[in-house]
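First the proteins, then the strands, lettered A, B, ... as listed; each starts at 1. The figures that follow rest on heavy atoms only: side chains count, while hydrogens, waters and symmetry mates do not.
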Protein chains: 2
Amino acid sequence: MPASKVSKKVSIRDIGKELGISITTVSFILNGKAKEKRISEALTKKVLEFVKEVNFKPNMMAQGLRTGKSKIICLMVEDISNNLLFAQVARLIEEEAHNKGYRIIYCSTDNKKEKAIELIQLFRDRSIDGYIITPPEGIEQEIQSLLNDGIPIVLIDRNLPLLSCNHVVIDNFNSTHEAIRHLISNGFKNIALITLNSDQTQMADRLAGYVKAIDDAGLQSYVKKVDFHESDDHNISEIISFLQDNNTIDAVFFSTNYIGVWGLQAIKHLNLRIPDDIAVISFDDHDLFKFYTPSITVVAQPVPDISRHVIRLMLDALEEADPTIHEIILPAKLIIRESSMRKVVVEKHEFLK
Amino acid sequence: MPASKVSKKVSIRDIGKELGISITTVSFILNGKAKEKRISEALTKKVLEFVKEVNFKPNMMAQGLRTGKSKIICLMVEDISNNLLFAQVARLIEEEAHNKGYRIIYCSTDNKKEKAIELIQLFRDRSIDGYIITPPEGIEQEIQSLLNDGIPIVLIDRNLPLLSCNHVVIDNFNSTHEAIRHLISNGFKNIALITLNSDQTQMADRLAGYVKAIDDAGLQSYVKKVDFHESDDHNISEIISFLQDNNTIDAVFFSTNYIGVWGLQAIKHLNLRIPDDIAVISFDDHDLFKFYTPSITVVAQPVPDISRHVIRLMLDALEEADPTIHEIILPAKLIIRESSMRKVVVEKHEFLK
DNA sequence: CAATGTTGCTAAATCGTTTTAGCTTAACCT
DNA sequence: AGGTTAAGCTAAAACGATTTAGCAACATTG
């Protein structure tokens, strides 16, 4: 059997011809319908062996054309290069998807409504089997339209409350609440939140968690919102001004890791010592936070868990066409490092009074 | 014109029927062959307007089946979540590819030969139009086999010298040489290289650049190799031992950013001050290096340039079937920060002698 | 022995394009 | 008038799978 240099693709038709049987039979056997279609075991075995031998791989285009399924999942994130969370999720999803015979294409929305809508328009009717999306605000209609067509969707990182759609998010409210509680119990009194100017659920919940903890403790709240689309420098100066204007602040919670990075630069610029002058906690872990001096306390997302749930939801929806909607809320973990530890003595002192 | 809830897909056949013309004509017009095939301008215009009106999108599966082209490019990297370079390249490539009507699927090799081979086996004969690959060692055969089939390939980050294949890399030799020269001219005498235990071109060139600079200056070389697949902790202790065993070392060059991160931890563990006890330069920039105290000097890769060249090479190869092989070597940039600045006085002193 | 079932397989339609080969007209030339 | 050319379009064959409908041969039943 001479292996030609340029391997001519072998088709189901070639197999039929070679074995002297019809392509129907071959197709049935390949699709595991041998018993159902009453193909004899002998023939089944013969075909399967031959298929192995010639290393037959079905043409996905032909399969796709016939079945209407592309075996492609679209992963639509804010920016695969910006937020480590998305890259890590992408990595973990990839393997499982490949195991099930799915391939993943990706695209980035920059968290812009227009871009997301454009991308969805581009992809729909292009036989994408399912979508994993971190949705910007305002794309409810397009998502609903996909849902109406029965296309599986899993939202991730944030939810669209107007919609009834699978999603995997973390418990932003409680994890932020816990982080603020941690600061309070370490004796900090004037705790600021620096967050995104956004009404998306994940940000709204972090804000709510902050407000609840501050209110319950009878403390004053300090909230500063910055804009995702502004330049790094702009936002750093915004934070600098905010901290200068509110110089009683003795602790600050950054609601995303990139805001955390901006915040650290602002704090460095102001020559404030962490945690002596100002304590710090950031949402989302990052190498920088681990190895910064001092190391930075963070609320870490359970990335492997998130990924596992996302891909499982997607694959289940794809295979079983199960219309049940799953809303998965995972706990996040407060990783306490040096940047938030101080005034414990004061706390104990007060406690003893 | 009532828009139905579930948009029934409109096909080229529907268009022909609706307009009372043949699907051939529609196809010619849609593919811009109207003039060539002598379709009248009036009809061309009518068809194009109707196509707009009903928002017709050709079925990619059918197109793919007929033409043998999938309009899909595979991006095969080491680990999209690990090395920022890859995620950034992915991001930049994405947009340009979409503009040209291509979609990108990705997969990660973990820099393992077996995994890469398996993935290539999986994808080939699956009508992937082109491959952008950061190749592990030892996959020359599979790449050659793709090349033999005339499939466009662009290698990135490193080359496979045994093959004659498009690639986009940076000038590892000269950029490393320049970084070591910088250390030398800042008066450092015992400069170590900590690099990967790998014969891949990018690592070999970095090593060669180091050796050349050290030899030309008549200095002693200190080289430590660590293993990509070992755990973080293992490699950190390796580095710690190496620095302890060679305590005359006063500067160190890390040949990748993750080795740099390990190195910083080792240095922190040894309580060495940067740059007073030991100067530091790392390959590849990273938030951590920018904002570390002190900030870390790096050899930064020109990520946008790399991406631009990669996608242009790929698209050119896809569209024109141009068999010319392009080898693109881009300069990297030494970004001097605090971690490598010291002993300038000594240098000046010597210079004056 | 006729009717009915069962076993084991296959012919042919279909999915939505692209593309080759050609078919009508009408115009032009000599 | 007969022959050639050109303009403007189309029929039908792929591409490679899946799937519906059904055929032939044999076995079973009453």
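- A salt bridge links Asp305(B) to Arg308(B): at least one charged side-chain nitrogen sits closer than 4.0 Å to a carboxylate oxygen.
- Dashed line: the shortest gap from a side-chain N or O of Gln63(B) to OP1 or OP2 of dT18(C) is under 4.0 Å.
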Apply side chain to side chain contact (heavy atoms under 4.5 Å, CB included) to the pair Leu85(B) and Val303(B), showing each step before the final yes or no.
-> CA-CA 7 Å; Leu85(B) 173 70; Val303(B) 179; 3.7 Å; yes

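- Taking atom NZ of Lys9(A) as the reference point, atom C1' of dA17(D) lies 13 Å away to the nearest angstrom.
- The backbone N or O of Thr134(B) lies less than 3.5 Å from no partner atom in the side chain of Asp157(B), so there is not a single donor-acceptor pair.
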For nucleotides 19-26 of chain C, 5' to 3', base contacts (B), sugar-phosphate-only contacts (S) and non-contacts (-) with protein non-hydrogen atoms under 4.0 Å give BB------

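- When the P atom of dA7(D) is taken as reference, atom NZ of Lys35(B) falls 15 Å away, rounded to whole Å.
- Along DNA chain D, the nucleotide nearest to Leu65(B) and the one nearest to Glu41(B) differ in position, and the one closer to the 5' end is contacted by Glu41(B).
- Considering His167(B), Glu327(B), Gln200(B) in turn, His167(B) is the only one that fulfils the side-chain hydrogen bond (donor to acceptor under 3.5 Å, both in side chains) rule with Asn159(B).
- Between the two ends of the helix from dC1(C)-dG30(D) to dT30(C)-dA1(D), each summarised by a five-pair axis, the helix axis turns through 60° (rounded to 10 degrees).
- With rounding to whole Å, Leu19(A) atom CG is found 10 Å from dT10(C) atom P.
- A donor-acceptor pair under 3.5 Å links the side-chain atoms of Glu94(B) to the main chain of Ser108(A), judged by distance alone.
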Could you walk me through whether Lys113(B) and Glu137(B) pass the side chain to side chain contact (heavy atoms under 4.5 Å, CB included) check?
-> CA-CA 6 Å; Lys113(B) 171 185 168 178; Glu137(B) 300 172 78; over 6 Å; no

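- Going from atom CD1 of Ile21(B) over to atom P of dC9(D) covers 8 Å, rounded to whole Å.
- If you take CZ of Arg13(A) and P of dT18(D), they are 12 Å apart, rounded to a whole angstrom.
- Across dT17(C), dT10(C), dA17(D), the shortest atom-to-atom separation from the side chain of Ser11(A) is found for dA17(D).
- Residues satisfying the side chain to side chain contact (heavy atoms under 4.5 Å, CB included) criterion with Leu84(A), sequence neighbours excluded, are Gln88(A).
- Protein atom CE of Met60(A) is 20 Å distant from nucleotide atom P of dC15(C), rounded to whole Å.
- No salt bridge links Asp129(A) with Arg103(A); every basic N to acidic carboxylate O contact stays at or beyond 4.0 Å.
- When the P atom of dG16(D) is taken as reference, atom CD1 of Ile12(A) falls 11 Å away, rounded to whole Å.
- Between the side chains of Thr25(A) and Ser22(A), at least one donor N or O lies within less than 3.5 Å of an accepting N or O.
- Here the C1' atom of nucleotide dT7(C) and the CD1 atom of Ile39(A) are 10 Å apart, to the nearest Å.
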